[in-house]
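For reference, the structure is listed below as structure tokens.
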Amino acid sequence: MQAQTASKSKLGGLINSYYPSLTKSEQKVATVVLEQMEKALYYSVTDLADVAEVGETTVLRFCRKIGMKGYQEFKLAMAKDLSSMSQEEESDPSKPAGFIQSIASYTKNAVDETVNKLDEETLEEAIRLLSDARSIHFFGVGTSGLTALDAKNRFLRIGYRSDAVIDPHIQSMTAATVKEGDVVVGLSISGSTKDTIDSLTLAKENGASVIAITYYARSPITKLADAVLLSGGKESPLEGGSMIAKISQLFVIDLLCTGLALHNKEFSLGMKEKTARAVVDKIY
């Protein structure tokens, strides 16, 4: 998006109205947002700070200066602006022609992006940590919580005792009980989910190893992790719960589960049969 177009938006007008009263560092943030709002929408707070060549605290201070409670509220305002302008420019929004192919293409691209972002050595390290783990806990809230539940199911089927903790309070209590030898897998597309970050921090302090699955390489969750696995499928604040981003997370879980099964092939095959027999009477 050109700066001139962004300036005409509601948020752009708000930023321009505050611009003279901002410090020089805050003006750098404002300029980046006005000149590349479409890119900035998908920046983490760390990314935006790096592009603007300022500190993260400056970005947060800028958000508050223009009347936002924090960075996520600021990103939501950007998303609403871009969505409104996109609808205005749409020639015939009543005809979502080709949306089936469009969604299929986005999904394929998200998986391809995940493949390109994943580091094989880091994946192997994560598999090793899981293989040696005394216990495995998946932490996630919202959409990431649903992925955590699926991960628990996958790991149980190959014989690994695991837990999915999706309630923030239970996460905190679980984090307080883990110790060295335990592994906690934190799921957060943004990498900035406060409840998950707080729980992972506590788990880390108690000696547990942490594996992070996130879209953003530079985000708070990656600072805590012993292994960072990057997934594709970015989402804006208006796309919370994006199925495409969730599919990318599930793809990473599948890689971990398959890698673990191959690492302990005989054991995993035996447990697959054993767990399958445990539920065989549940199906007509």
Side-chain angles (χ1 to χ4, degrees), residues 42-44 46-47 50 104-140 143-144 146-162 164 180-193 196-197 200 203-204 208-235 242-269 271-272:
Y42 297 103
Y43 287 161
S44 66
T46 307
D47 291 334
D50 286 349
S105 178
Y106 286 144
T107 303
K108 292 173 186 175
N109 289 341
V111 173
D112 288 341
E113 183 183 8
T114 304
V115 171
N116 292 330
K117 291 170 72 174
L118 276 174
D119 178 75
E120 287 190 30
E121 289 186 8
T122 304
L123 180 62
E124 287 296 327
E125 172 62 13
I127 291 170
R128 186 193 65 76
L129 286 172
L130 292 168
S131 179
D132 296 340
R134 188 175 67 95
S135 68
I136 301 170
H137 306 272
F138 294 94
F139 285 6
T143 300
S144 294
L146 298 177
T147 304
L149 290 169
D150 190 84
K152 173 186 177 180
N153 173 58
R154 294 294 309 280
F155 275 60
L156 281 175
R157 284 182 177 273
I158 60 171
Y160 286 85
R161 299 180 66 179
S162 58
E180 187 175 351
D182 297 322
V183 174
V184 180
V185 182
L187 295 140
S188 172
I189 294 168
S190 69
S192 304
T193 308
T196 302
I197 301 300
L200 291 177
K204 187 78 173 178
S209 296
V210 173
I211 297 172
I213 300 177
T214 183
Y215 177 83
Y216 293 99
R218 291 178 59 78
S219 57
I221 198 172
T222 63
K223 298 174 183 177
L224 295 166
D226 297 285
V228 177
L229 301 174
L230 300 177
S231 61
K234 62 187 177 183
E235 63 178 15
S242 163
M243 182 59 69
I244 293 169
K246 181 171 169 28
I247 287 171
S248 296
Q249 286 183 325
L250 289 171
F251 178 62
V252 175
I253 292 297
D254 199 14
L255 291 175
L256 289 172
C257 192
T258 302
L260 201 53
L262 291 172
H263 191 268
N264 300 289
K265 196 170 183 178
E266 189 173 331
F267 169 77
S268 297
L269 284 173
M271 291 308 300
K272 273 187 178 181

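Positions are given from 1 along the sequence. Just so you know, these numbers come straight off a predicted model, no measurement behind them.
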Heavy atoms only: give me the nearest [X]-[Y] pair and the separation to one decimal.
X	Y	result
Ser135	Asp182	OG-OD1, 2.6 Å
Ile189	Ala245	CD1-CB, 3.4 Å
Pro220	Ser192	CD-OG, 3.5 Å
Tyr106	Ile244	CB-CD1, 3.3 Å
Ile211	Ala126	CD1-O, 3.7 Å

Spatial distance of atom [atom1] ([X]) from atom [atom2] ([Y]) [nearest 0.5 Å]:
X	Y	atom1	atom2	answer
Thr122	Asp226	OG1	CG	11.5 Å
Leu260	Ser268	CG	OG	6.0 Å
Arg154	Cys257	CZ	SG	4.0 Å
Ser219	Tyr43	OG	OH	15.5 Å
Leu229	Leu118	CG	CG	6.0 Å
Glu125	Asp119	CD	CG	11.0 Å

Tell me whether the NZ or CZ atom of Lys117 lies within the 45° cone about the ring axis of Tyr215 and under 6.0 Å from its centre.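 Yes.
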Does [X] reach the main-chain N or O of [Y] with its side chain, forming a donor-acceptor pair under 3.5 Å?
X	Y	result
Thr222	Ala217	yes
Asp47	Ser44	yes
Tyr216	Tyr42	yes
Asn109	Ser105	yes

Within the structure provided, determine whether [X] and [Y] are in side-chain contact (heavy-atom separation under 4.5 Å).
X	Y	value
Leu224	Ile197	yes
Thr114	Leu230	no
Lys246	Leu146	yes

Inspect the surroundings of CZ in Arg134 and state if more than 12 heavy atoms from other residues, nucleotides or ligands are less than 6.0 Å away. yes
Are there more than 12 heavy atoms of other residues, nucleotides or ligands under 6.0 Å from atom CZ of Phe251? yes
Hey, do the aromatic rings of Phe138 and Phe155 have their centres closer than 6.0 Å?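 Phe138 vs Phe155: aromatic centres under 6.0 Å.
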Residues [X] and [Y]: side-chain donor-acceptor under 3.5 angstrom:
X	Y	value
Ser144	Gln249	yes
Ser188	Thr193	yes
Asn264	Ser131	yes

Does a salt bridge link Asp132 with Arg128, judged by any charged N lying under 4.0 Å from a carboxylate O? yes
